[in-house]
Amino acid sequence: MSATHALRSPRTASRPNRRAAEHRLALLESMLRVRRFEERCVELYSAARIRGFMHLYIGEEAVAVGVNEALTADDAVVSTYREHGHALARGVPAEAIMAEMFGKVTGCSRGRGGSMHLFDAGRRFYGGNAIVGGGPPLAAGLALADRMTARNRVTCCFFGDGAFAEGEFHETANLAALWGLPLLLVCENNLYAMGTALARHQAQTDLALRAAGYGMVSWAVDGMDVFAVRDAARKAAEGVRAGTGPHFLEMRTYRFRAHSMYDADRYRDKAEIEHWKERDPVEGLARRLREAKELTDKARTAMEDRLAAEIDRAVEAADQAPEEPVEDLLRYVTSPEASRP
């Protein structure tokens with residue numbers, strides 16, 4: 001019996017290690033999916049195949065991927081107009097997102113929302129919101145509904161440091177703390193509200209400290225480290241589920257691209273951008289995995305090939321998908337005659 005135990009023990013001990021390594025590789029692949037999707041969107045936008053406003057998530061991938069690790073399928077996510085990464089990390093298929101970007105009826109919002117209004121009720125992904133600060137009140141409503149119906153769920157709301165300056169955030173934070181709502185507020189502090197540096201619109205730049213003033217559990221997180229994000233989000237989500245009220249996470253991150261595709265990006269020092277790129281969350285994780293002998297060149301190539309094929313399929317499907325018929329354009333806008341009094 002002892003001999004059998006001696007034989008099984010090393011294998012048994014290695015299983016958690018293998019699972020942990022597979023989990024770390026999955027995090028890398030999820031972040032790479034966001035990065036490669038966004039890079040393809042740049043190409044398509046430059047070729048005028050995607051139109052309208054578009055805000056890229058390049059540089060902030062660790063936040064979306066890490067936070068979603070703490071959420072369940074029953075939880076809700078409310079996002080901003082920079083939401084491609086949030087949607088992909090939530091599990092919205094690349095094909096549905098790309099079709100939406102192309103304005104096709106097979107898009108997740110039937111082609112009506114475009115880049116800024118991705119929506120998937122089945123995955124409890126409630127936008128995509130073009131209004132700065134428009135998400136927190138919606139998230140508070142979802143959280144209040146869960147509390148009133150005794151559902152042990154978390155509503156996670158992403159927003160930027162610019163939204164922190166809006167009254168909607170402060171009203172939401174106050175009511176959420178007052179009513180003990182099951183709300184996880186995730187501020188993606190990328191240091192710029194469009195073209196305005198944080199220090200030029202906030203007298204106190206420690207946003208976690210300010211949020212704590214509402215009586216919420218709050219802390220700042222290295223938003224360029226997916227492990228730090230994951231661990232903080234898990235801890236916060238556990239606190240919310242335990243009934244301790246709303247939690248606030250200030251994710252200190254950085255966007256490598258301009259505010260939007262229309263932005264000339266003349267308000268930032270190029271040296272600052274390059275400094276932050278040295279902390280690239282995607283390549284930083286890849287480097288750590290290579291050093292730990294968990295990622296080989298062959299595995300990285302295979303990962304890149306899988307993602308390239310996935311995105312190629314999404315573009316091809318979006319190209320071939322139909323546009324919404326003109327006669328259907330008022331569907332979901334006006335009420336049918338039969339339902340009117």
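Everything numeric here is computed off the predicted structure, so don't read it as measured data.
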Open item on the list: So which atom in Ala258 and which in Asp265 form the shortest heavy-atom distance, rounded to 0.1 Å?
Closed with: CB-CB, 3.6 Å

TODO: Check Ala237 against Ala70 and note the closest heavy-atom contact, atom names and distance.
DONE: CB-O, 3.9 Å

TODO: Give a yes or no on whether Val315 and Leu307 share a hydrophobic cluster (residues Ile, Leu, Val, Met, Phe, Trp, Tyr; joining criterion: side-chain heavy atoms under 4.5 Å apart).
DONE: no

Open item on the list: Check whether Arg147 reaches the backbone of Trp179 with its side chain - one donor and one acceptor, N or O, closer than 3.5 Å.
Closed with: yes

Open item on the list: Walk me through whether Arg82 and Thr80 qualify under side chain to side chain donor-acceptor pair (under 3.5 Å).
Closed with: CA-CA 5 Å; Arg82 196 183 305 280; Thr80 71; 5.9 Å; no

Task: 4.5 Å side-chain heavy-atom contact, Ile97 and Phe37 - done: yes

Task: Contact check, side chains of Glu166 and Val132, non-hydrogen atoms, under 4.5 Å - done: yes

Open item on the list: Under 4.0 Å between a side-chain nitrogen and a carboxylate oxygen: does that hold for Arg252 and Glu60?
Closed with: no

TODO: Can you label the angle between the Phe158 ring and the His86 ring as parallel, tilted or perpendicular, going by 30° and 60°?
DONE: parallel

Task: Within 6.0 Å of CZ in Arg151, more than 12 heavy atoms from elsewhere - done: yes

Open item on the list: Under the criterion salt bridge (charged side-chain N to carboxylate O under 4.0 Å, His left out), I'd like the reasoning laid out for Glu324 against Arg112: C-alpha separation, chi angles, the key distance, then a yes or no.
Closed with: CA-CA 9 Å; Glu324 190 167 26; Arg112 296 174 176 227; 3.0 Å; yes

Open item on the list: Just verifying a value: how many Å separate Glu168 CD and Phe159 CZ, rounded to the nearest 0.5 Å?
Closed with: 12.0 Å

Open item on the list: Can you tell whether the side chains of Asp146 and Arg153 come within less than 4.0 Å, N to carboxylate O?
Closed with: yes

TODO: I would like to know whether Phe125 and Phe119 meet ring pair (Phe, Tyr, Trp, His ring centres under 6.0 Å); could you show each step before the answer?
DONE: CA-CA 6 Å; Phe125 184 79; Phe119 189 93; 7.9 Å; no

Task: Glu323 atom CD, over 12 foreign heavy atoms within 6.0 Å - done: no

TODO: Considering only NZ, NE, NH1 and NH2 on the basic side and carboxylate oxygens on the acidic side, decide whether Glu22 and Arg18 come within less than 4.0 Å.
DONE: no

Open item on the list: For the OG atom of Ser115 and the CE atom of Met261, what is their distance to the nearest 0.5 Å?
Closed with: 10.5 Å

TODO: For ring pair (Phe, Tyr, Trp, His ring centres under 6.0 Å), just list the numbers for Phe53 and Tyr81, CA-CA rounded to whole Å, side-chain angles, deciding distance to a tenth of an Å, and then say yes or no.
DONE: CA-CA 9 Å; Phe53 288 97; Tyr81 48 73; 9.3 Å; no

Task: pair Tyr192-His259: side-chain heavy atoms closer than 4.5 Å - done: no

Open item on the list: Using 0.5 Å steps for rounding, measure from the CD1 atom of Ile311 to the CE atom of Met98.
Closed with: 6.5 Å

Task: Evaluation steps, salt bridge (charged side-chain N to carboxylate O under 4.0 Å, His left out), between Arg306 and Glu29 - done: CA-CA 10 Å; Arg306 283 196 303 273; Glu29 185 159 352; 2.8 Å; yes

- [ ] Taking only Lys NZ, Arg NE, NH1 and NH2, and the carboxylate oxygens of Asp or Glu, determine whether Arg35 and Glu61 approach each other closer than 4.0 Å.
- [x] yes

Open item on the list: Just verifying a value: how many Å separate Arg290 CZ and Leu295 CG, rounded to the nearest 0.5 Å?
Closed with: 6.0 Å

Task: Hydrophobic cluster partners of Leu329 (side-chain heavy atoms under 4.5 Å) - done: Val326

Open item on the list: Using only atom types and a distance under 3.5 Å, with no angle test, would you say the side chain of Ser218 pairs donor to acceptor with the backbone of Met216?
Closed with: yes

Task: Donor + acceptor pair across side chains of His23, Arg230 (<3.5 Å) - done: yes

TODO: Starting at CD of Glu95, measure out to CD of Glu100 and round the result to the nearest 0.5 Å.
DONE: 14.0 Å

Open item on the list: Under a 3.5 Å distance rule, please check whether Glu250 uses its side chain to pair with a backbone N or O of Ala208 as donor and acceptor.
Closed with: yes

Open item on the list: I'd like to know if Leu71 and Leu183 are part of one continuous hydrophobic network [Ile/Leu/Val/Met/Phe/Trp/Tyr, side-chain heavy atoms within less than 4.5 Å].
Closed with: no

- [ ] Decide whether Val65 and Leu28 are clustered together by the hydrophobic rule: side chain heavy atoms of Ile, Leu, Val, Met, Phe, Trp, Tyr closer than 4.5 Å, transitively.
- [x] yes

Open item on the list: Is it the case that the side chain of Ser109 and the backbone of His117 share a donor-acceptor pair, with hydrogens and angles ignored and the cut-off at 3.5 Å?
Closed with: yes

Task: Residue pair Glu83 / Tyr57, side-chain donor-acceptor N/O under 3.5 Å - done: no

TODO: Answer whether the closest heavy-atom distance between the side chains of Arg268 and Arg255 falls below 4.5 Å.
DONE: yes

Open item on the list: A quick test of your reading: do over 12 heavy atoms of other residues, nucleotides or ligands sit less than 6.0 Å from CZ of Arg331?
Closed with: yes

Task: side chain to side chain contact (heavy atoms under 4.5 Å, CB included) against Asn152, all qualifying residues, sequence neighbours excluded - done: Arg241

Open item on the list: Tell me whether Arg123 contacts the main-chain N or O of Gly91 through its side chain, where contact means a donor paired with an acceptor under 3.5 Å.
Closed with: yes

- [ ] Quick one: closest heavy-atom pair of Ala139 and Thr155, and the distance?
- [x] O-CG2, 3.6 Å

TODO: Describe, in one word, how the ring planes of His247 and Trp219 are oriented to each other, choosing from parallel (under 30°), tilted (30 to 60°) and perpendicular (over 60°).
DONE: perpendicular

Open item on the list: Would you say that Leu185 contacts Cys157 through its side chain, given a criterion of any heavy-atom pair below 4.5 Å between the two side chains?
Closed with: yes

TODO: May I ask you to test the Asp280-Phe256 pair for a side-chain heavy-atom distance under 4.5 Å?
DONE: yes

Open item on the list: Counting C-beta onward and ignoring hydrogens, is there a side-chain heavy-atom pair between Tyr262 and Met54 closer than 4.5 Å?
Closed with: no

Task: Salt-bridge present (Arg24, Glu294; N to O < 4.0 Å) - done: yes

Task: Leu191 to Asp161 - nearest heavy-atom pair and separation - done: N-OD1, 3.7 Å

Open item on the list: Looking at Asp225 and Arg288, is there a salt bridge between them, counting it only when a charged N and a carboxylate O are closer than 4.0 Å?
Closed with: yes

Open item on the list: Take a 6.0 Å sphere around CG of Asp305 and say whether it holds more than 12 heavy atoms from other residues, nucleotides or ligands.
Closed with: yes

Task: Backbone N/O of Ala140 and side chain of Thr172: donor-acceptor pair under 3.5 Å - done: no

TODO: Please confirm whether the backbone N or O of Ala64 pairs with a side-chain atom of Asn68, one donor and one acceptor, at under 3.5 Å?
DONE: yes

Task: Contact summary for Ala177 and Tyr214, nearest pair of heavy atoms - done: CB-O, 3.0 Å

Open item on the list: Under a 4.0 Å threshold between the charged nitrogen and the carboxylate oxygen, would Asp319 count as salt-bridged to Lys104?
Closed with: no

TODO: Return yes if some donor-acceptor pair links the side-chain N/O of Glu310 with the main-chain N/O of Ala94 below 3.5 Å, else return no.
DONE: no

- [ ] Starting at CD of Glu38, measure out to NE2 of His84 and round the result to the nearest 0.5 Å.
- [x] 5.5 Å

Open item on the list: Please tell me whether Met148 and Leu175 are part of a single hydrophobic cluster in this structure, the criterion being side-chain heavy atoms less than 4.5 Å apart.
Closed with: yes

Task: Sub-4.5 Å side-chain heavy-atom contact between Asp231 and Lys235 - done: no

- [ ] Looking only at non-hydrogen atoms, find the nearest pair between Leu32 and Val282 and report the distance.
- [x] CD2-CG1, 3.6 Å

Task: Arg257 bridged to Asp263 by N-O distance under 4.0 Å - done: no

Open item on the list: Is it the case that the side chain of Asp75 and the backbone of Thr72 share a donor-acceptor pair, with hydrogens and angles ignored and the cut-off at 3.5 Å?
Closed with: yes

TODO: Decide whether Leu207 and Leu209 are clustered together by the hydrophobic rule: side chain heavy atoms of Ile, Leu, Val, Met, Phe, Trp, Tyr closer than 4.5 Å, transitively.
DONE: no

Task: CG/Leu198: more than 12 non-hydrogen atoms of other groups inside 6.0 Å - done: yes

